[in-house]
Amino acid sequence: MSVLMSSSGNSSRKTAFVFAGGGSFGAIQVGMMHALAAHGVVADMVVGSSVGALNGAYYAGVPTLDGAKHLADIWRGLRREDVFPVSIWTLLEFFWRRDFLISHDGVRKLIDDHLPYKNLEDAKLPVHIVTTNIVTGGSVVLSDGPAAEAIVASTSIPGVFAPVLHKGMYLADGAISSNTPVNVAIEKGARRLVVLPTGFACAGDAPPKGAVANVLHAVTLLISRQVIDDLEYIDPSVEFHVVPPLCPLVGSAYDFSRTDEHIERAIRKTEQWIAGGGLEQHGIPGEMRPHAH
């Protein structure tokens with residue numbers, strides 16, 4: 001695996017792990033992280049957007065196989081209500097306030113309970129959290145300051161969660177401006193990228209049910225398309241490897257009942273990809289391109 005050793009090892013070229021968004025499909029990234037760590041693939045920095053900000057921030061604090069295993073245990077314990085506590089009462093409150101549907105409390109508690117550091121600059125690896133200025137639409141990258149505030153902002157889907165006020169800016173889901181933030185990683189000095197997508201190029205037979213599920217579905221479709229555009233026009237001097245996502249991708253980005261299945265499938269698929277020389281190959285895997293399964 002010398003191709004992707006960190007700059008603290010055999011290479012002077014910095015490697016970034018780039019984590020995309022995707023709601024509950026973030027569990028797939030946990031399986032990818034497990035397989036990469038088991039094969040000695042490490043990063044010099046982390047860049048994350050949306051749920052990728054949550055996974056990436058955790059990895060930056062514990063960038064080891066044991067860390068990936070512990071994160072898998074955290075994910076396996078999650079229920080939809082822990083992150084998206086929608087009820088008749090939240091719907092009534094939404095119609096009364098007319099600004100957002102769900103409180104940040106669930107996501108913030110998840111961060112407070114499990115993230116092993118308080119400020120982004122205290123992570124073991126440099127970590128860059130991508131958010132969106134909801135007024136201008138531009139990306140705002142947070143690399144220091146309170147980790148919880150940055151992650152909550154990056155995961156705040158407009159209309160579902162309220163934007164986060166930070167230094168006079170209203171920040172929301174990083175997926176709006178930079179779904180899979182490969183360009184942010186390059187701007188921060190990475191010359192090798194390992195991209196961890198959540199997928200959703202495999203077309204299902206019907207759209208998901210429910211307002212929140214449909215919003216998440218739309219965002220993940222946007223993510224899968226934008227990452228292809230970003231990678232096709234990347235600087236040719238930058239080396240990149242895209243870990244292939246799952247296909248078929250079963251369930252929805254709002255469904256946490258398949259977490260264990262997603263983790264285990266992702267471990268197996270990533271191991272097969274590594275064994276087949278994925279870390280020595282370049283290009284965009286076919287699983288990333290929209291198609292019916």
Side-chain angles (χ1 to χ4, degrees), residues 16-30 33 43 45-63 67-68 70-72 74-75 77-78 80 82-85 100 102-134 139-158 160-167 169-181 184-185 188 196-198 212 215-216 219-220 223 253 256 259:
F17 280 7
V18 184
F19 292 81
S24 64
F25 291 136
I28 294 166
Q29 293 173 336
V30 180
M33 292 160 58
M45 71 175 73
V46 172
V47 181
S49 182
S50 201
V51 74
L54 186 60
N55 282 335
Y58 186 88
Y59 173 83
V62 194
H70 186 236
L71 183 58
I74 294 169
W75 268 89
L78 285 179
R80 189 197 70 195
D82 296 329
V83 182
F84 302 110
F100 64 91
I102 302 173
S103 165
H104 294 300
D105 292 349
V107 175
R108 191 175 293 276
K109 184 177 188 305
L110 186 63
I111 298 164
D112 290 342
D113 287 350
H114 299 292
L115 196 69
Y117 55 90
K118 295 298 182 184
N119 294 314
L120 294 174
E121 63 268 28
D122 296 330
K124 291 187 177 179
L125 299 178
V127 54
H128 308 290
I129 304 299
V130 181
T131 70
T132 300
N133 183 325
I134 203 66
S139 291
V140 177
V141 182
L142 303 178
S143 306
D144 54 29
E149 182 175 306
I151 297 167
V152 166
S154 188
T155 56
S156 293
I157 304 163
V160 179
F161 297 98
V164 173
L165 181 59
H166 175 80
K167 295 183 178 179
M169 298 177 290
Y170 288 94
L171 304 181
D173 197 332
I176 300 168
S177 60
S178 190
N179 301 304
T180 308
V184 173
K188 295 297 181 180
L196 286 75
T198 54
V212 177
V215 170
L216 285 168
V219 169
T220 51
I223 289 167
F256 286 80
T259 293

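Computed from a prediction, not measured in an experiment: that's the story for all the values here.
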Taking the side chain as every heavy atom from C-beta outward, state whether [X] and [Y] have any pair of such atoms under 4.5 Å apart.
X: V62; Y: H70; answer: no
X: V46; Y: V18; answer: no
X: F19; Y: V47; answer: no
X: L142; Y: H166; answer: yes
X: L171; Y: I134; answer: no

Looking at every heavy atom in both [X] and [Y], which two are closest together, and how far apart are they?
X: A16; Y: A185; value: CB-CB, 3.9 Å
X: S139; Y: V130; value: OG-CG1, 4.2 Å
X: T155; Y: S50; value: CG2-O, 3.3 Å
X: L165; Y: E149; value: O-OE2, 4.4 Å
X: P63; Y: A60; value: CD-O, 4.1 Å

- Message: Any side-chain to backbone donor/acceptor pair from Q29 onto G56? Under 3.5 Å, distance only.
- Response: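 No, Q29 side chain to G56 backbone: no donor-acceptor pair under 3.5 Å.
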- Task: Check for a donor-acceptor pair, side chain of S49 on one end and backbone N or O of G174 on the other, with a separation under 3.5 Å.
- Result: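 Looks like yes, one N/O pair under 3.5 Å.
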- Query: Does any donor atom in the side chain of S156 or D173 lie under 3.5 Å from an acceptor atom in the other side chain?
  - Reply: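 On atom types as modelled, these side chains do not qualify, holding no pair under 3.5 Å.
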- Query: What pairs meet the side chain to side chain donor-acceptor pair (under 3.5 Å) rule with one or both residues in residues 107-116, with sequence neighbours excluded?
  - Reply: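 Non-adjacent pairs meeting side chain to side chain donor-acceptor pair (under 3.5 Å): K109-D113.
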When rounded to the nearest 0.5 angstrom, what distance separates [atom1] in [X] from [atom2] in [Y]?
X: F17; Y: N55; atom1: CZ; atom2: CG; value: 12.5 Å
X: L110; Y: Y58; atom1: CG; atom2: OH; value: 11.0 Å
X: I151; Y: T131; atom1: CD1; atom2: OG1; value: 12.0 Å

- Message: Among residues at least two apart in sequence or on other chains, which ones pass side chain to side chain contact (heavy atoms under 4.5 Å, CB included) with A27?
- Response: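 For A27, the residues satisfying side chain to side chain contact (heavy atoms under 4.5 Å, CB included) (neighbours in sequence not counted) are W75, T259, H262, I263.
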Return all side-chain donor-acceptor pairs below 3.5 angstrom for residues 115-129, not counting sequence neighbours, or 'none' if the list is empty.
| residue | atom | partner | partner atom | Å |
| --- | --- | --- | --- | --- |
| Y117 | OH | A57 | O | 2.7 |
| E121 | OE1 | G145 | N | 2.8 |
| H128 | ND1 | S143 | OG | 2.6 |

